[in-house]
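Encoded as structure tokens, the structure appears first; notes follow it.
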Amino acid sequence: MHMTILETLQNAVAQAVEQLYGERVEASSVQVNATPADFTGDYTVVIFPYVRLARKAPDVAGAEIGAFLEKNIPGIQAFNVIKGFLNLELSSAYWQAFLQSVLTDGQYGRQPRNGHKVMVEYSSPNTNKPLHLGHVRNCLLGWSSSQILDAAGYDVVRAQIVNDRGVAICKSMLAWQKFGNGQTPESSGIKGDHLVGDYYVLFENKSRTEYEVWQQSTEGQALFAEKHKPEQSEKDFFKDYKNKWFNDYSALGAEVRDMLLKWEAGDADTLALWRQMNGWVYEGFEKTYASLGVAFDKLYYESDTYLLGKDIVDDGLAKGVFFRKDDGSVWVDLSDVGYDQKVVLRADGTSVYITQDLGTARMRYHDFHCDRMVYVVADEQNYHFAVLFEVLKRLGEPYAAGLHHLSYGLVELPTGRMKTREGTVVDADDLVTEVTALAREQMVQVSDLQPEELEEASRKIGLGALKFFMIKVNPKRKMIFNPEESVDLQGQTGPYIQYSCVRINSVLQRAEKEAVDLSPATEYLDYQPAEKELLKALHAYPGVLLTAAAEFDPSHLANFCYELAKNYHRFWHDVTIFNAAAPADKAFRLQLSRAVGQVLQSGMGLLGIEIPARM
RNA sequence: GGCUCCGUAGCUUAAUGGAUAGAGCAUCUGACUACGGAUCAGAAGGUUAGAGGUUCGAGUCCUCUCGGAGUCACCA
């Protein structure tokens, strides 16, 4: 693997400083940036750090280092110094060779395997209801991150932990048992995950009715009279009291707890019903994942993992990381790093959420020997993951240094947070249907595609718009989701990029039809500004991939794709291809177009965005 | 209240401590009889919430203030 030009520059600058000024600097600390558009040059070395070492004025030191680089690096044809910035111009021969290497490579940007293995966990649904808008952002981040990590040299295992047990699914099961009359996805024509979700909602409705009746009962009223705080209204009191009521008074609540106990005891009928209803949900999830274009290599089920972690508790006690209280509960004290004390095992010996995650982490390591694990989970759980990672570190787990929480901001609606009770949850399947329809609607205005091609294209464009909209912003930013805005076709959008690819394809097809000879391309050396910008953008691609991987942030790649497409649109406008003055010009521009198309296809592919043939 | 994160143009946002803070939307003005106008060019829009500090250099790092969000369960 040869050095990139950037590494070459860094090394050469370090050498220059040592030879000229007798001071050692770390090559990796040398700052090399792309030269801003309004200055002459391709790359810029920041000279300020060496001014003190040189004991010379910035422009003098810059000129000396520049002369050294020009003499020692063949690809440099000129330089200029402005203040403390050394602007370097690479030769046309360098750029020619670079373009040819991109075209030959076919997988340009993709890095060799780096020997690391990373597990990316994402989606993590509950099985009591269908996927919603929040899962969509999660899936898009998880999928694109995993693709980017793969391209950056990691071996990737995509994992999903399915929360398939607990009170929630029991609510769906109980409602179905009591009110379902044997309804199935087949008999009702309702997608399995939606059907199970409908019974969850039904349960909540029945439960609410029961609660309202109870509130007016003598028992309820007596309780309010006895327990409400002086200033508290009846409504507020019962709102706060809901959990307590559900556990202590509700008949439905008792039935659900009974069902959960039966499940834990392995009751055959309960397990059969549980398997059946979860099976419906999985069929539904599969369709949703397929429509979003995401997939998994490994599924973990909470029903298999919820008891894990108890051996770790013993381990932690032995290592002195945990301590036992008088009641028998086990705790970890993280107050020295600003966190609280946290229970890891209840007094009755049962585990809590974090115990399970401790055990699951260890199990995953044993399954795959990943030295990195990424958890794609919304930022409400930042504290939980900070604690989890800290505990794993203290336990001395071998993968502890490679843990990362890819935390992302919740998706909210213009009206606020989504609430099941208020029916404002945006369903994932509906969303896909809606963006496809919106794209189709807008397409018929501007496109002359035939019906069957239009259908395929509107799916790719609607999803392309949605995905790009959600991926282009920094994950940790909270996002307000507005369906119309998310399928904009103009400006900084997925379709804008798709359109540039479609243009490229149409040009390349024409070139093929006319059998244009591409061999004179290498004779073309006097680049137009728009062409040079494209070359520089292509050149940046591998670095962008590495940054996106290192920061677990696909938005870098999304923004790169947009910049590249924007540069191509400008090139298209400024420079003619088929009416070019000379065969070399035409051939070069076709090759350049092909390279851009190749990189856009690759980059968008990593984001999970497909390019339609026509649009 | 403790801890964490966030605050950039009317709106959505970009910027490994580096040059004049860069885009898109919306607004206004323009673009070749042309390779696809879902495009391109231009105008206008900023005290990067505020005040100090570190630095040759701060949107970025530190301190404080203001504003917003999340979290602080023997829930998951």
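Scope of the values below: all heavy atoms of this structure, side chains included, with no hydrogens, waters or symmetry mates. Proteins get letters first, then strands, A, B, ... in listed order; numbering begins at 1 in each.
For a distance-only test at 3.5 Å, the side chain of A:Asp340 fails to qualify as a donor-acceptor partner of the base of B:rC3. For A:Ser555 and B:rA14, a side-chain-to-base donor-acceptor distance below 3.5 Å is absent, hydrogens and geometry of angles not being considered.
Side chain to side chain, A:Tyr375 and A:Ser124 fail the donor-acceptor criterion of an N or O pair below 3.5 Å.
A distance cut-off of 5.5 Å between ring centres, combined with a plane angle under 30°, places A:Phe39 in a stacking arrangement with the base of B:rA19.
The residue A:Gln445 sits apart from the nucleic acid: no heavy atom pair falls under 4.0 Å. Contact annotation for A:Asn163: no contact, since no heavy-atom pair falls under 4.0 Å across all strands.
Between A:Glu531 and A:Tyr524, the closest side-chain pair of non-hydrogen atoms falls below 4.5 Å.
Taking the C1' atom of each, B:rC56 and B:rU39 are spaced 44 Å apart, rounded to whole Å. Comparing B:rU55 with B:rC62, their C1' atoms are spaced 12 Å from each other, to the whole Å. As rounded to the nearest Å, B:rU60 and B:rC5 have P atoms that lie 15 Å from one another.
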Start with the C-alpha distance between A:Leu600 and A:Ser500, add both sets of side-chain angles, then the distance that settles side chain to side chain contact (heavy atoms under 4.5 Å, CB included), and finish with yes or no. CA-CA 9 Å; A:Leu600 281 177; A:Ser500 67; 3.4 Å; yes
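In this structure, CD of A:Gln341 is placed 12 Å from P of B:rA73, rounded to the nearest angstrom.
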